[in-house]
Every structure is written in structure tokens, then in C-alpha cells.
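To start, the structure under review is shown below, and the notes come after it.
Every chain is numbered from 1 and lettered A, B, ... according to where its sequence line falls, protein lines coming before strand lines.
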Amino acid sequence: MIVIVIIFFFYNFKISVPYAALCKTFENIENTTKRIKIQDYLTKLLVAIIKLSPDNLLETIYLCLNRICPEYEGLELGIGETILIKAIGEATGRSAKSIKIDIEKQGDLGNVAQTSKSNQKTLFKPKPLTVPAVFKGLKEIAMFTGNQSQTRKINKIKGLLIACNGNEPKYLIRSLEGKLRIGLAEQTVLMSIGQAIIAKSDVTSFVLDCEAVAWDKENNCILPFQVLSTRKRKNVETGDIAVQVCVFAFDCLYLNGKSLIKKTFKERREALHNNFVPIEGEFTFAKNINASNIEEIQSFLEQSVNDSCEGLMIKTLEVDSSYEPSKRSRNWLKVKKDYISGGIGDSLDLVVIGAYTGRGKRTGSYGGYLLACYDNENEEYQSICKIGTGFSDEQLEKHTEFFKQHIINKPKPYYRVGDAKPDIWFDAVQVWEVKCADLSISPVHQAAVGLVDPVKGISLRFPRFLRIRDDKTPEMATTSEQVADMYNQQVVISKNNAANQNGGVDDDFEY
DNA sequence: ACTGATGCGTC
DNA sequence: GTCGGAC
DNA sequence: GTCCGACGACGCATCAGT
């Protein structure tokens, strides 16, 4: 007996999950697009880990989610492509330049690292990496700070990279990039955890859906979002927390190892209210009503806005379906005041003057384009935004093919683009109709410079491609004046709204 | 101490 | 944030 | 309907280089 206990003890403590096991799972997942299969692969791994080395479970999950700590701790890796390229270069003896060329070709730094590593002859086999070791490495990288931190980060990455075997470099680098790109993300991981725990079944646990909000303890009210965002994010001492945070729970996804996500919201809400106790000013339930008509919802929305809430969450099934502006996951939709007050989508006709090489599934095509409006005054094209969504895969291909015939070496002298330097420049030959939610003063783009702001231009918020305007020549594109007008119009509206609110009277909504 | 570049979170 | 693709 | 990963603007924090 004793021996068995010792073995069990030994087993539990000594065996760390090999990083290769995780990477093998990643590879399996990457090679399918079927979500049930994906979930299955992960569940199997998690079940094995729960059995063999439960101590490694958290680290494994974090690696799957591409995270190094709970979100609220706010620890970040603090590295990006540039640093990674340097590290890969140093670990494999390649130049940054040749690596960059490979990125253009392969569209994925992980793959580049993989091939760089396999092409390199190794004299001896390195000691196998383990999940905790990799996780610890990532955490250390995130902790490096201050003088020479970047160099130390590079060295740490180099060390890990050198210790990599098989397909590990690919996923190591992608982890560092913050993109696993294997078709696995939060929802699926959540499901797999649930499944794996149910397989285990004796674990007591819960998952709540909550929102953290800045809280005024004096007056017991919610503070505006901006206050929340001014919270210090790093090295916070308990003593100097200036902005208190209250957590509002509005849903319960798991309870005592059981998934509730298939239950109705009514049942989930009961589970939430029956099993948790609010703590004044720290944890409470989000206010809610059961509304049966639009009027009730509208007055509740009004109330919520007055209480400094961003808006309401409404269950889709209970609401008039024509009332859906933006679908959210989990059958909920978010209703915000600015939606009711008429957030119209503007549409502009803009000229394509450059492009950016695509990454991931856009490898080989242009992943995004640089757009410009036309300025009559100076007879120039002024950059207004990049655009990377709205086109189908097929359109994307066609665009790439088309614009390859219009590549130019250097930007035309009459292109004014500020800091928005594309990878490739084009002749101004085609006009696109583009939709956006808003116009904004831009630190980057140059549209309508001098008309609204002396040095800053205007850009588009949430730009997306609608269609090609073959009926328009580039000179017929939306002009700087028009852009400036649109921006000014917007300002007028927002001022009027502000004036109405200051009036303090809750007039009827006229929407 | 300042600037520009980079990373990262939020929408 | 928006969007299209795969399921 | 759900999930994923292409891509957007912008503001803030941090670091390297001066």
C-alpha cells in the first residue's frame, strides 16, 4: 500500500506534461475544421492531464487560450513580430531580412520558425520541453521589464526555441505571437473543460458571466466607463487602488461541474441567484426585468443609461426580430442608446492606392488595402483608412489579381498618406464603395487635412468593403470637402444630443 | 526628458 | 468593432 | 445560429535611442 501511495505521489508530482503532447493536440486540431473533432481532441488531452498530472491543467488551459494569467492580472508578453524575428534569427542563424521574405511567402511566423529550425542541423537532441517549462518561460518573458528587457526577452525566446523538437517551434512562436491559428478559441476550450470535468465529475466549480464596472462607494453608483479605463494596470498595490470595481453577474454557465449553457436563461438566472450571495459594492447581480413589449424595454433602457450603464442585454428570442442591430454570442443582443438615436452607417466612394500582404488564411493575397479620398484643391489623393473586411474570399482573389497589374514602384507625388505606408503601391485606377460607422480625427490618415484640424486628417471607424464602383473614375471619388462635411455633421448631432441630456428632462424618444 | 516605435486592449 | 466561411 | 480568424481606428503604456 505504502508503495502505491508513494508511486502515486511521485507520479503526480514528477510527471510534467510534455510540450510535445500539447503540440501534437494542436496539430490534430489544426488539421481539421470540424468543431466537434476539435473539441474532442482537446477534451481527450485534458482528461489525460486531469488523471496524470492535474497540477499542469491550468498551465495547459492557459496555453490553449494563449494567455499567461487571469485577465484581471493584466500581465502581457510585451513582444511582437519584430522581437520574434530577431529571436528566430539568432536561434537559427538567419538574417532578419530573409525571415521577413519568408513571412511574405508563408504568411505565418510560426511556420517560418518551423522551417528555419528544421533546415538547421542540430548536433544533439535537446532535453524535451514540458508544458510547465514553456508556461514558466512565457511568464518570465512577460515579467521582464525595464532596461534591456527586450534583449532579455529575446534571449529567453531563443533558449526556448533551441530546446524545441518536432513541430514545437511552430506553436511556440504562435503562442508568443498571441495567435494559435488552429481554429481553437475560448468557446471551444470552455466546452472542453466542461466536458473533461464532467468526465471527472466530483469537482465543485462554477463559471459566471460578469462585467466589472467602476464603482463609487460613497454614492453607491456606477462611474462612467472612462473612469474604469483610467485604472492603473500594472504593479498595483492594494493601498493605492483609487477606483473601486464592482462585479455584476448576469449569467451562470457552469455550476458544480455541470454545464448550464444548454438550459434556458431563466433556469440559468435562477441558478445564479440561488447559489450566490451579493456583497455590497463588490459583487452583485445585474439588474434585470422580464419585459413583454418594446415600451418596457425602452423605459428600462432609459433607466439603465441614466444609471451610467452602457445599455441592456436582451435575449434574442424575446424581442422583435426586426430590432437586431448587432448579434452577440450566446443568443444575446446588446442594445445601446446610440443605436436607438440613429447610428446610420455612412457610405463613401474611395480610391485604392496600396495594399498590405495577407497573413494566415490570406497568405498569397493582399490582406488589406489602403484607401484614399480625392482632394480637388491640391489635386491629390489623401489616405483615409485601411480596409480588410467586407469582401468574400473570391472577391479577395479577384482584387489581388486585378491590382497586381497596377503595381507601381513608388507612391505618386500626389499621394498624401501620412504614416499609413502600404507594402505595395498602386496606380489610382479603381473606386470602392465603403461603409463605416463613424468618422474620426486621425493621428495617421490625411483625408481632409486642414479642413477640420490643421494637421490631422480624418479616418473611418469600422470600415468595410461594399462593392466596386466601375461607374466612377478615381477623380469622381468622395472628396475631402465631402469627408469634412460628413465629419462636421456628426459633431453637430452629438452636440445636440448632449444638449438634450443636459436639459435633464426625459422627453419622449423620437426615433 | 523627450520622441518614435511597438505592443496591446477596446470598440 | 465588421465581415465571410465552415460547420 | 455558432464559432473562428481575417481585417479596421485609436489611445495608452513601455522601451530604445537620443
For atom CG of A:Leu42 and atom P of D:dC3, their distance in whole Å = 15 Å

Could you tell me the separation between the CD1 atom of A:Ile141 and the P atom of D:dC15, rounded to a whole number of Å?
-> 15 Å

If you look at every strand shown and take non-hydrogen atoms under 4.0 Å, does A:Lys386 touch a base, only sugar-phosphate, or nothing?
-> sugar-phosphate

For the pair made of CD1 in A:Ile85 and C1' in B:dG7, what is the distance, rounded to whole Å?
-> 14 Å

With heavy atoms under 4.0 Å as the rule, sort A:Ile441 into base, sugar-phosphate or nothing.
-> sugar-phosphate

By nearest nucleotide on DNA chain C, pick out whichever of A:Phe465 and A:Ile36 is the more 5' one.
-> A:Phe465

A:Glu394 and A:Lys398 ion-paired at < 4.0 Å | yes

Residue A:Gln150, side-chain heavy atoms: nucleotide from D:dG11, D:dG5, D:dA16 that is nearest | D:dA16

D:dG8 P sits how many Å from A:Asp419 CG, rounded?
-> 15 Å

Of the candidates B:dC8, B:dG7, C:dG5, the side chain of A:Thr82 sits closest to B:dG7

Using a 4.0 Å heavy-atom cut-off across all strands, classify A:Gly178 as base, sugar-phosphate, or nothing.
-> nothing

Ignoring the backbone of A:Arg35, work out which of C:dC7, D:dA16, C:dG1 is nearest its side chain.
-> C:dC7

Which of the following nucleotides, D:dC10, D:dA9, D:dG5, is nearest to the side chain of A:His445?
-> D:dA9

Which of these nucleotides, C:dG5, D:dC3, D:dA16, is closest to any side-chain atom of A:Ser392?
-> C:dG5

Base, sugar-phosphate alone, or nothing: which one does A:Leu460 contact when heavy atoms must sit under 4.0 Å apart?
-> sugar-phosphate

Report which part of the nucleic acid A:Ile182 touches: base, sugar-phosphate, or nothing (heavy-atom distance under 4.0 Å, all strands).
-> sugar-phosphate

Counting heavy atoms not belonging to A:Lys179, are there more than 12 under 6.0 Å from its NZ?
-> no

Do A:Leu176 and A:Ile141 come within less than 4.5 Å of each other through their side chains, counting heavy atoms only?
-> yes

A:Thr145 side-chain proximity, nearest of D:dA16, D:dG11, D:dC15 = D:dC15

Give a yes/no answer on whether the side chain of A:Arg181 brings an N or O atom under 4.0 Å of OP1 or OP2 in D:dA6.
-> yes

Separation of A:Leu77 atom CG from D:dA13 atom C1', in whole Å?
-> 15 Å

Atom NZ of A:Lys153 and atom P of B:dA5 are separated, to the nearest Å, by 19 Å

When rounded to the nearest Å, what value does the distance between P atoms of C:dA6 and B:dT3 take?
-> 49 Å

DNA chain D: A:Gly457 or A:Lys361, which has the more 5' nearest nucleotide?
-> A:Lys361

N or O in side chain of A:Ser442 less than 4.0 angstrom from D:dC10 OP1/OP2 = yes

Let me know the distance between CD of A:Gln187 and C1' of D:dC4, rounded to the nearest Å.
-> 10 Å

Between A:Lys86 and A:Glu90, is there a salt bridge with N-O shorter than 4.0 Å?
-> no

For A:Phe391, report the nucleic acid contact type (base, sugar-phosphate, nothing); a contact means any heavy atom under 4.0 Å.
-> sugar-phosphate

Please state how far atom CZ in A:Arg467 lies from atom C1' in C:dT2, giving the value in whole angstrom units.
-> 18 Å

What's the closest nucleotide to the A:Thr389 side chain, out of D:dG1, D:dA16, C:dC3?
-> C:dC3

Nearest to side-chain heavy atoms of A:Thr33, which nucleotide of D:dA6, C:dA6, D:dC3 = C:dA6

A:Arg359 has a side chain; which of D:dG8, B:dC8, D:dC7 sits nearest to it?
-> D:dC7

Hey, which of these two, A:Leu180 or A:Phe144, hits DNA chain D nearer its 5' end, going by closest nucleotide?
-> A:Leu180

Could you check which of D:dC4, B:dC8, D:dC10 has an atom nearest any side-chain atom of A:Ser459?
-> D:dC10

For residues A:Thr357 and A:Ile424, determine if any side-chain heavy atom of one lies less than 4.5 Å from a side-chain heavy atom of the other.
-> yes

Would you verify whether the NZ or CZ of A:Lys156 falls within 45 degrees of the ring axis of A:Phe144 while also being under 6.0 Å from that six-membered ring's centre?
-> no

Applying salt bridge (charged side-chain N to carboxylate O under 4.0 Å, His left out), run through A:Arg416 and A:Asp375 and close with a yes or a no.
-> CA-CA 10 Å; A:Arg416 169 116 68 122; A:Asp375 186 275; over 6 Å; no

